[in-house]
Amino acid sequence: MNRLRTALAATATAALGLAALAAGPAQAAAQPAFLSAAQMPASSTPWTATRVFSGVPENGGALCAPYKIPAQNTRYREFATELDTNGVQITTVARTEADAVKLVDTLRKSLAGCGALLERQNPGLHAVSAYQGMIAVEEGAWVYSLDTADPQIGSTDIHLFAVGRDGRTVTYVRWGQMGDLKDAPVAAFRTTAKTAVNKLW
């Protein structure tokens with residue numbers, strides 16, 4: 001699980017450190033809005049946020065759903081605190097609403113089955129995915145958790161995910177830190193997820 005946490009932290013750190021070098025051309029057309037750092041669940045140290053980048057983050061972007069979100073018409077922003085807490089929002093505009101519905105279904109299936117997949121890929125790892133309910137916002141948002149523990153090195157990690165849709169636009173939000181599900185701000189994350197979908201347009 002150290003490899004998983006290290007990869008996430010490295011991606012967030014690199015994006016924060018190189019934000020100024022990765023600026024792309026300005027988009028003339030209207031684009032979906034993103035969460036601000038202050039709209040992530042409260043933490044003991046302040047959140048920082050990168051600028052919004054085009055495409056998807058490294059390694060397919062989405063933990064538990066790598067390479068499911070297309071890079072075309074997609075943008076993302078990464079978040080981090082001074083502690084071992086990080087997050088990302090990835091937003092894509094599908095060609096049609098039917099394509100957006102299909103993408104939401106794909107992401108939800110990936111999140112629901114993530115724990116079992118990680119256990120198969122990492123012998124000895126304990127990983128449990130759980131559905132944390134729907135949020136009534138626009139065309140809906142769905143929240144999941146992933147609780148992992150590696151007995152060999154004594155590490156535990158908890159991640160929360162949300163997938164939401166507003167018309168043709170789909171957004172994926174992830175929050176993660178060391179700890180267990182009991183340590184996770186599920187209620188606050190649901191508020192963050194609702195805000196993310198409301199802000200899209």
Side-chain angles (χ1 to χ4, degrees), residues 1-20 22 32-53 56-59 61-66 69 75-91 107 111 114-115 118 125-135 137 141-150 153-164 171-200:
M1 209 49 212
N2 267 350
R3 295 193 302 272
L4 176 63
R5 188 188 310 136
T6 300
L8 289 168
T11 299
T13 300
L16 287 165
L18 299 177
F34 276 72
L35 291 165
S36 68
Q39 291 168 326
M40 293 294 282
S43 178
S44 57
T45 58
W47 286 93
T48 57
T50 65
R51 58 160 286 143
V52 176
F53 299 102
V56 295
E58 295 179 9
N59 301 318
L63 177 64
C64 288
I69 301 174
R75 300 187 304 153
Y76 70 94
R77 165 175 280 169
E78 294 182 303
F79 304 87
T81 71
E82 294 178 5
L83 301 178
D84 194 11
T85 308
N86 57 78
V88 67
Q89 181 182 8
I90 308 172
T91 297
L107 291 172
L111 293 173
C114 186
L118 289 176
L125 178 72
H126 299 308
V128 178
S129 294
Y131 178 51
Q132 301 293 337
M134 181 182 178
I135 301 170
V137 56
W142 295 265
V143 177
Y144 295 82
S145 61
L146 172 68
D147 200 347
T148 60
D150 190 334
I153 59 177
S155 66
T156 60
D157 293 275
I158 180 66
H159 290 88
L160 300 175
F161 308 89
V163 175
T171 194
Y172 160 105
V173 182
R174 178 187 61 77
W175 170 98
Q177 70 173 25
M178 296 177 64
D180 302 306
L181 182 58
K182 62 180 176 56
D183 304 313
V186 176
F189 182 77
R190 288 175 63 87
T191 298
T192 294
K194 185 173 184 177
T195 301
V197 178
N198 271 326
K199 285 188 71 173
L200 291 173

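Source: prediction; values computed, not measured.
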| message | For a side-chain contact (heavy atoms from CB on, under 4.5 Å) check, start with the C-alpha distance between Q177 and D84, then their side-chain angles and the critical distance, and finish with the verdict. | response | CA-CA 6 Å; Q177 70 173 25; D84 194 11; 5.7 Å; no
| Chi angles and distances behind the side-chain contact (heavy atoms from CB on, under 4.5 Å) call for Y172, V88 | CA-CA 8 Å; Y172 160 105; V88 67; 4.0 Å; yes
| Verdict with reasoning, W175 to T192, per side-chain contact (heavy atoms from CB on, under 4.5 Å) | CA-CA 10 Å; W175 170 98; T192 294; over 6 Å; no
| Do R77 and L35 pass the side-chain contact (heavy atoms from CB on, under 4.5 Å) test, and can you show the C-alpha distance, the side-chain angles, and the key distance before you say yes or no? | CA-CA 8 Å; R77 165 175 280 169; L35 291 165; 5.9 Å; no
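At least one side-chain heavy atom of V186 sits less than 4.5 Å from a side-chain heavy atom of L181.
Taking CZ from R75 and CZ from R51, the interatomic distance works out to 9.0 Å, rounded to the nearest 0.5 Å. The line from SG of C114 to NE2 of H159 is 9.0 Å long, rounded to the nearest 0.5 Å. Within the model, atoms CG of D180 and CD1 of I158 stand 7.5 Å from one another, a figure rounded to the nearest 0.5 Å. Here the CD1-CZ distance, from I135 to F189, works out to 8.0 Å after rounding to the nearest 0.5 Å. The structure places OG1 of T171 at 10.0 Å from CG of L107, a figure rounded to the nearest 0.5 Å. To the nearest 0.5 Å, atom CE of residue M40 and atom CG of residue N86 are 8.0 Å apart.
Across W47 and G87, no two heavy atoms sit closer than the pair CZ3-N, 4.1 Å. Of all heavy-atom pairs spanning F34 and K199, the tightest one is O-NZ, 2.6 Å. Shortest non-hydrogen contact noted between T148 and L146 is CG2-CG, 3.8 Å. Of all non-hydrogen atoms in P57 and E78, the two that sit nearest each other are CB-OE2, 3.9 Å. Considering every non-hydrogen atom in both G115 and A127, the closest pair reads O-CB, 3.5 Å. Considering every non-hydrogen atom in both T45 and L83, the closest pair reads OG1-N, 3.8 Å.
Using modelled atom types and a 3.5 Å distance limit, the side chains of Q132 and S145 yield a donor-acceptor pair.
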